[in-house]
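Let me begin by presenting the structure, written as structure tokens, before commenting on it.
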2 protein chains.
Amino acid sequence: MSIVEMSKVLSNKARVDVLAWLKNPEKNFPPQVNVPNFDDGVCVCHIQNKLGLSQSTTSHYLSMMEKAGLLIGTRIGKWTYYKRNEEQIEKFIQSLSSEL
Amino acid sequence: MSIVEMSKVLSNKARVDVLAWLKNPEKNFPPQVNVPNFDDGVCVCHIQNKLGLSQSTTSHYLSMMEKAGLLIGTRIGKWTYYKRNEEQIEKFIQSLSSEL
DNA sequence: ATTACATATCGAGAATTATCAATATATTAT
DNA sequence: ATAATATATTGATAATTCTCGATATGTAAT
């Protein structure tokens, strides 16, 4: 993922907010109902509630962020959980450090 | 400058190219005519030539980058020279490291 | 003062991104 | 099988960004 393409993903407050919230799910989201913890991330519906955006926009943003390598999505039953992809986020920061 | 605002500036190939070219002006631009070296940066007209964009777009992008803190512009006579603002670029990378 | 040139700003249309409602798909419960 | 629920995808409009030509401003030469 190039700097330009990654920057496009990061040039939106909602998406940067999600990334920040997912640093500390316990603090930023209510307890999950259908799984015991946040190990696989946060349920889409919780993220949508907090964003205050429509379901379709929320889903779109999350999959865009996954495609960019910022998030990891996991489907469990009817639900999809998203968490940060720390490895890739770190790689991006490294590439910025050297390329920018 | 927030991550979102800075990312907007970086989400364009032309602007990221300029930033990269200015890392090594001697290599990426012809010698300057009206000043002896690249100490104050590169003349707008050289950047415009290399970008292949219109004069107005080039000027717009450069001032946008200066406003974001990525570049430093210096007017000398009729010409304006732009160079990288290394201090601010480094600060941005640091803030990404902690906030992202 | 006038002209010439480099850059900046303005105004407008084209291209892209944001965002929604509607619909489709996947999964579970009945 | 059917219904219910969560998420994904599609199609459309609104908002933003891109990009240009035209014009304005600043500086130097005549």
Side-chain angles (χ1 to χ4, degrees), chain A residues 1-19 22 29-35 38 40-68 70-83, chain B residues 1-19 22 29-30 32-35 40-68 70-83:
Chain A
M1 177 77 26
S2 71
I3 289 180
V4 171
E5 291 310 307
M6 188 63 96
S7 295
K8 286 182 184 176
V9 177
L10 294 175
S11 66
N12 175 287
K13 173 164 161 44
R15 295 190 290 261
V16 172
D17 281 348
V18 168
L19 221 45
L22 290 179
F29 296 97
Q32 313 235 66
V33 180
N34 299 287
V35 291
F38 289 104
D40 285 309
V42 176
C43 177
V44 172
C45 55
H46 287 166
I47 298 174
Q48 182 196 336
N49 279 341
K50 187 136 181 164
L51 277 177
L53 291 171
S54 73
Q55 187 271 317
S56 59
T57 299
T58 302
S59 176
H60 179 208
Y61 282 5
L62 292 172
S63 71
M64 174 189 309
M65 292 172 79
E66 181 175 27
K67 204 165 294 175
L70 293 169
L71 299 181
I72 296 170
T74 307
R75 177 127 203 181
I76 300 177
K78 291 191 284 191
W79 300 274
T80 305
Y81 300 85
Y82 281 98
K83 64 178 174 184
Chain B
M1 176 77 28
S2 71
I3 289 181
V4 170
E5 292 310 308
M6 189 63 97
S7 294
K8 284 182 184 177
V9 177
L10 295 175
S11 65
N12 175 286
K13 172 163 160 43
R15 295 190 290 261
V16 172
D17 281 348
V18 167
L19 220 46
L22 290 180
F29 296 97
Q32 314 234 64
V33 179
N34 300 289
V35 291
D40 285 309
V42 176
C43 175
V44 172
C45 55
H46 287 167
I47 298 174
Q48 182 195 336
N49 280 339
K50 186 137 182 163
L51 277 177
L53 291 171
S54 73
Q55 187 270 319
S56 59
T57 300
T58 302
S59 176
H60 178 207
Y61 282 6
L62 292 172
S63 72
M64 175 190 308
M65 292 172 78
E66 180 175 28
K67 204 164 294 175
L70 293 169
L71 299 181
I72 296 170
T74 308
R75 178 127 202 181
I76 300 178
K78 290 192 285 190
W79 300 274
T80 306
Y81 299 85
Y82 282 98
K83 64 178 173 184

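All chains are named by letter (A, B, ...) in the order of the sequence lines, taking the proteins before the strands, and each is independently numbered beginning at 1. All values reported here derive from a predicted model rather than from experimental measurement.
Under the 4.5 Å side-chain criterion, counting only non-hydrogen atoms from C-beta, A:Ile76 is in contact with A:Val35.
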- Summary of protein contacts for nucleotides 21-30 of chain C, nucleotide by nucleotide, where a base hit scores B, a sugar-phosphate-only hit scores S (4.0 Å, heavy atoms): BB----BS--
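Residues from residues 3-10 of chain A placing a heavy atom under 4.0 Å of any atom in DNA chain D do not occur.
Among the atoms of the strands shown, only primed sugar atoms or phosphate atoms (P, OP1, OP2) are found under 4.0 Å from some heavy atom of B:Thr80. Contact annotation for A:Leu62: no contact, since no heavy-atom pair falls under 4.0 Å across all strands. Note on A:Tyr81: nothing from the nucleic acid sits closer than 4.0 angstrom, heavy atoms only.
A:Asn12 has a side-chain polar atom (N or O) that falls below the 4.0 Å cut-off from OP1 or OP2 of C:dT19. A sub-4.0 Å separation between OP1 or OP2 of C:dT19 and a side-chain N or O of A:Tyr61 is present.
Across the protein-nucleic acid pair, B:His60 atom NE2 and D:dC20 atom C1' stand 12 Å apart, rounded to whole Å. A straight line from CD of A:Gln48 to P of C:dT19 spans 14 Å, rounded to a whole angstrom.
Every residue was checked against the salt bridge (charged side-chain N to carboxylate O under 4.0 Å, His left out) condition with B:Lys83, not counting sequence neighbours, and none meets it. Here A:Ser63 pairs with A:Tyr82 under the side-chain contact (heavy atoms from CB on, under 4.5 Å) rule; sequence neighbours left out.
Sorted pairs that involve residues 45-67 of chain A and meet salt bridge (Lys or Arg N to Asp or Glu O under 4.0 Å), not counting sequence neighbours, are lacking altogether.
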Using atom types as modelled, flag every donor-acceptor pair under 3.5 Å from a side chain in residues 3-11 of chain B to any protein atom, sequence neighbours excluded.
{"from": "B:Ser7", "atom 1": "OG", "to": "B:Ile3", "atom 2": "O", "distance (Å)": "2.7"}
{"from": "B:Ser11", "atom 1": "OG", "to": "B:Ser7", "atom 2": "O", "distance (Å)": "3.4"}
{"from": "B:Ser11", "atom 1": "OG", "to": "B:Lys8", "atom 2": "O", "distance (Å)": "2.9"}

